[in-house]
Amino acid sequence: HEFTHAADGKQLVRYIVKQEEHKSLHTATPSPSVKNISTALKEALMTMPHTNNRKRSKPWKEYFDAETEQLVRDMYARDFEVFGYSPSLNESAKAVGT
């Protein structure tokens with residue numbers, strides 16, 4: 001949030017595109033963060049290659065134990081709030097389909 005919002009909470013950038021909603025650009029019903037973006041941005045995002053497609057030995061949420069999950073919650077509490085994410089790993093996993 002410190003790169004996208006002023007200290008008073010005012011959004012400083014025109015668009016905030018959530019990575020997990022990027023794929024919905026290719027559908028008839030785009031997700032909220034990409035629904036009203038400009039045509040130029042939409043075209044740029046749709047043609048951007050996805051080259052960081054890592055294979056993991058286990059689902060991402062299994063890398064967290066209770067202590068590390070709490071550390072992430074504490075460190076990124078404001079980001080969860082500003083960008084509308086749940087600080088719960090289970091809710092986050094549902095949101096990204098894992």
Going through the distances and angles, do Val34 and Lys42 end up as a side-chain contact (heavy atoms from CB on, under 4.5 Å)? CA-CA 8 Å; Val34 295; Lys42 181 178 180 177; over 6 Å; no
All heavy atoms of Ser24 vs all of Ser31, minimum pair found to be OG-N, 2.8 Å
Shortest non-hydrogen contact between Val13 and Gln11, atoms and distance: O-NE2, 2.8 Å
Phe80, CZ: over 12 other non-hydrogen atoms inside 6.0 angstrom: yes
Worked verdict on Met48 versus Leu45 for side-chain contact (heavy atoms from CB on, under 4.5 Å): CA-CA 5 Å; Met48 186 182 303; Leu45 289 171; 3.9 Å; yes
Before you tell me yes or no, could you show the steps for Val17 and Leu25 under side-chain contact (heavy atoms from CB on, under 4.5 Å), namely the whole-Å CA-CA distance, both residues' side-chain angles and the distance that decides it to 0.1 Å? CA-CA 11 Å; Val17 176; Leu25 282 169; 5.9 Å; no
Heavy-atom side-chain contact between Pro59 and Glu62 under 4.5 Å: yes
With side-chain contact (heavy atoms from CB on, under 4.5 Å) as the test, would you mind laying out the steps for Gln70 and Arg73 before giving the verdict? CA-CA 5 Å; Gln70 189 60 50; Arg73 280 191 190 127; 3.4 Å; yes
Which of Gln19, His22, Glu21, Lys18 passes side-chain hydrogen bond (donor to acceptor under 3.5 Å, both in side chains) with Ser33? It is Glu21
What distance separates Leu41 CG from Arg14 CZ, expressed to the nearest 0.5 Å? 10.0 Å
Assess, by modelled atom type and distance only, whether the side chains of Tyr85 and Glu20 contain a donor and an acceptor separated by less than 3.5 Å. yes
Please confirm whether the ring centroid of His5 lies under 6.0 Å from the ring centroid of Phe83. yes
Inter-residue atom distance His1.NE2 - Glu81.CD, 0.5 Å rounding: 9.0 Å
Tell me whether Tyr15 contacts the main-chain N or O of Ser38 through its side chain, where contact means a donor paired with an acceptor under 3.5 Å. yes
For a quick test of reading the model, state the closest non-hydrogen atom pair linking Tyr63 to Ser57 and the distance between them. OH-OG, 3.7 Å
Using modelled atom types and a 3.5 Å cut-off, is there a donor and acceptor pairing between side-chain atoms of Glu69 and backbone atoms of Phe64? no
Considering residues, nucleotides and ligands other than Lys10, do more than 12 of their heavy atoms fall under 6.0 Å from its NZ? no
